[in-house]
2 protein chains.
Amino acid sequence: MYEDLNRERLLLAVDCIVFGFDGDFLKVLLIKRGFEPERGKWSLVGGFLQTDEVLEDAAARILNQYTGLDDIYMDQVATFSKIDRDPEDRIVSTAYYALIDINQHSQKLSKQFSAQWFNIEDFPPLIFDHGEMVTAALKRLRTKAQTEPIGFELLPEKFTMRQLQTLYEAIWNVTLDKRNFSSKIRSFNFLRKLDEKDKSTSRKGAFLFRFDADLYDQHDRSRTTLNL
Amino acid sequence: MYEDLNRERLLLAVDCIVFGFDGDFLKVLLIKRGFEPERGKWSLVGGFLQTDEVLEDAAARILNQYTGLDDIYMDQVATFSKIDRDPEDRIVSTAYYALIDINQHSQKLSKQFSAQWFNIEDFPPLIFDHGEMVTAALKRLRTKAQTEPIGFELLPEKFTMRQLQTLYEAIWNVTLDKRNFSSKIRSFNFLRKLDEKDKSTSRKGAFLFRFDADLYDQHDRSRTTLNL
DNA sequence: CCAAAAGTGTTACTGCTACACCCATGT
DNA sequence: ACATGGGTGTAGCAGTAACACTTTTGG
């Protein structure tokens, strides 16, 4: 290797694209920055990688700071390095997305950080390159949801077939046929149908399901795409 | 945001997984390290991000240093941050993979850096977390090759149907039926069949094809997977 | 004339898409 | 009794997988 004389020590940030689902729309959590630079503008939640941390831990720590949640599904998206992405310093940032059950997100924390949920198709201009990060994260989520059962991370533990369908419709911005959706999903054999019904949306009530990781592990993984 | 008191300036490295195809196998380029730490062990080619560079430029610069090639397809894989991944310093590294035509790779440079091509299914132990990087890069290549016509980056400009098939067989470690492969590929309408034949592998000679980016751009992208 | 690779088409099957009616229940 | 959402099956279609023989030509 040649000597890298210009090698530079820099700050490595972690920014989190927090996705949630409110029953109708796929949402992203943004905060109104309470500090400079760009105070008062919308931004992703983020922070800096610390000495004793790996990126995944930093992402989890930051997510916890802003949502109070632990043990959340997160996935690395990419690392962004434009020279002037932060005007004050050379900061490279690794983006992670998180999938949370929007109802577990503490209202209190939301107030504390002036956080708000925005529809993924319609969020305000963001500072720096955070808009690109959201776009990249969404793309990754869409792809990932095609091969792995991660949709459940966005729902309560128990959910109806209808909720699940609406979720996937929101993720891919499509409309699906409920008969095809339901038979396809059931053919994967990773849902356990419960005896309970959710009566909040109809008089008849809809059966609740639960994602069952054991069933998923047994299940033959030869069909690689969910192609709902 | 809380004050990040432990925020740390660190070195950001870039490591490149250079893929090549020798006509039979998918290969990865490794160098025998000529410097400490871990002198004499096998390693990916890498370097440090410099002050005036974005990651993509650093990756291209490093690739050029070791192969002499310019204007090469590269794609970010992920950023690796284990605390002691480099025993001497806290170094975080972003991995990129590159797809090159193995025959354009200068033998001279190969000698200079004690570089060698290894079959992707059978490469030696690597320093640090470079083995994980190769695994992650291969996984990404396999996925990407399913939705984008990147295989051509690994072949000479003109290639036979047979070469293309062998390439995809090597990427996915499968065997394909040549009739199905050829009709599927031709149905995508992004190959231009030339009048020339390659007579090096048979008396009859095999027609040469060329990937045509214009045809690809016109072509309806509704079929998102190549599913060869 | 023979060996070796190139080139090509058909059939069965599987999975996807499209589509409509009855059910259960609270008011 | 009716309005509302829940739940289910089938038939046509499209794309995939499996499969074998003829062509070309250098030696």
Side-chain angles (χ1 to χ4, degrees), chain A residues 22-24 145-147 155-156 158-170 172-210 219-228, chain B residues 23-24 145-147 155-156 158-210 219-228:
Chain A
D22 69 357
D24 292 308
Q146 226 151 77
T147 49
L155 293 174
K158 302 171 184 181
F159 48 86
T160 65
M161 199 49 88
R162 183 63 215 242
Q163 285 176 293
L164 188 61
Q165 180 180 338
T166 309
L167 168 62
Y168 279 105
E169 290 177 331
W172 291 315
N173 194 24
V174 292
T175 51
L176 302 168
D177 179 274
K178 69 173 172 173
R179 287 162 291 191
N180 294 340
F181 180 82
S182 149
S183 57
K184 187 80 179 265
I185 285 282
R186 279 187 284 103
S187 81
F188 291 136
N189 273 323
F190 52 53
L191 289 192
R192 182 176 299 280
K193 187 177 188 173
L194 307 177
D195 290 326
E196 292 170 73
K197 283 189 161 191
D198 168 14
K199 298 209 142 199
S200 66
T201 53
S202 76
R203 313 189 190 287
K204 184 180 178 180
F207 278 104
L208 288 165
F209 293 81
R210 179 203 300 274
H219 147 251
D220 96 291
R221 214 62 50 72
S222 55
R223 279 176 292 191
T224 55
T225 64
L226 271 61
N227 275 334
L228 305 168
Chain B
D24 292 306
Q146 225 150 77
T147 49
L155 292 173
K158 302 171 184 178
F159 49 85
T160 65
M161 199 50 90
R162 183 62 215 246
Q163 287 176 292
L164 188 62
Q165 181 180 336
T166 309
L167 169 62
Y168 279 105
E169 290 178 330
I171 290 177
W172 291 316
N173 194 23
V174 292
T175 51
L176 302 168
D177 178 275
K178 69 174 174 173
R179 286 162 293 192
N180 293 339
F181 179 82
S182 151
S183 57
K184 186 80 178 266
I185 285 281
R186 277 186 283 106
S187 80
F188 291 137
N189 274 325
F190 53 52
L191 289 193
R192 184 176 297 280
K193 186 177 189 173
L194 307 178
D195 290 326
E196 292 170 74
K197 283 188 160 188
D198 168 13
K199 298 208 139 200
S200 65
T201 54
S202 75
R203 312 186 191 288
K204 187 179 178 180
F207 279 104
L208 289 164
F209 292 80
R210 180 201 301 273
H219 149 250
D220 95 290
R221 213 60 50 73
S222 54
R223 278 178 294 186
T224 55
T225 63
L226 272 60
N227 274 337
L228 304 169

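Bear in mind the structure is a predicted one, so any value in this text is a computation, not a measurement. Per chain, numbering begins at 1; letters A, B, ... match sequence-line order. Hydrogens, waters and symmetry mates are skipped; everything else that's a heavy atom, side chains included, is used.
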Report task. Check whether any side-chain nitrogen or oxygen of B:K184 sits under 4.0 Å from OP1 or OP2 of D:dG15, and answer yes or no. Result ->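 No.
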Would you kindly give the [atom1]-to-[atom2] distance between [X] and [N], to the nearest whole Å?
| X | N | atom1 | atom2 | result |
| --- | --- | --- | --- | --- |
| B:L176 | D:dA17 | CG | P | 9 Å |
| A:E196 | D:dG6 | CD | P | 17 Å |
| A:F181 | D:dG5 | CZ | C1' | 17 Å |
| A:I185 | D:dG7 | CD1 | P | 14 Å |
| B:K178 | C:dA4 | NZ | P | 14 Å |
| B:R179 | D:dC19 | CZ | P | 9 Å |
| A:F209 | D:dG6 | CZ | P | 12 Å |
| B:K197 | C:dA5 | NZ | P | 15 Å |

Report task. Using the test side chain to side chain contact (heavy atoms under 4.5 Å, CB included), find all partners of B:D24 that sit at least two apart in sequence or belong to another chain. Result ->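 B:D24 satisfies side chain to side chain contact (heavy atoms under 4.5 Å, CB included) with B:D22 once adjacent residues are dropped.
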[atom1]/[X] to [atom2]/[Y] distance, rounded to the nearest 0.5 angstrom?
| X | Y | atom1 | atom2 | value |
| --- | --- | --- | --- | --- |
| A:T166 | A:F181 | OG1 | CZ | 8.5 Å |
| B:K197 | B:T160 | NZ | OG1 | 11.5 Å |
| B:S183 | B:I185 | OG | CD1 | 9.5 Å |
| B:D198 | B:F209 | CG | CZ | 12.0 Å |

Return the minimal non-hydrogen interatomic distance between [X] and [Y], and the atom names on each side.
| X | Y | value |
| --- | --- | --- |
| A:K158 | A:Q163 | O-OE1, 4.4 Å |
| B:K204 | B:K199 | O-CE, 4.0 Å |
| A:L194 | A:F207 | O-CD2, 3.5 Å |

**Report entry** End axis versus end axis in the helix from C:dC1-D:dG27 to C:dT27-D:dA1, the angle rounded to 10°, five pairs used at each terminus
**Finding:**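 End-to-end axis angle for the helix from C:dC1-D:dG27 to C:dT27-D:dA1: 10°, rounded to 10°.
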Query - Neighbours of DNA chain C within residues 198-208 of chain A, by heavy-atom distance under 4.0 Å - result: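 Close to the strand are A:K199, A:R203, A:K204.
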**Report entry** B:L191 and its side chain to side chain contact (heavy atoms under 4.5 Å, CB included) partner, picked from B:R210, B:M161, B:R186
**Finding:**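 Going through B:R210, B:M161, B:R186 one by one, the side chain to side chain contact (heavy atoms under 4.5 Å, CB included) with B:L191 is satisfied by B:M161 alone.
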Query raised in the report: Any sub-3.5 Å donor-acceptor pair from A:E169's side-chain atoms to A:L176's backbone N or O?
Result: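 Yes: the side chain of A:E169 pairs with the backbone of A:L176.
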**Report entry** Test item: B:S182 side-chain N/O and B:R179 main-chain N/O as donor-acceptor pair under 3.5 Å
**Finding:**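 It does not hold such a pair.
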Query raised in the report: B:R162: what forms a salt bridge (Lys or Arg N to Asp or Glu O under 4.0 Å) with it, not counting sequence neighbours?
Result: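 B:R162: no salt bridge (Lys or Arg N to Asp or Glu O under 4.0 Å) contacts found.
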Between the protein and nucleotides 10-12 of chain D, list the N/O to N/O atom pairs that are separated by less than 3.5 angstrom.
none

Query raised in the report: Heavy atom of residues 162-173 of chain B under 4.0 Å from DNA chain D: which residues?
Result: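 Within residues 162-173 of chain B, no residue comes under 4.0 Å of DNA chain D.
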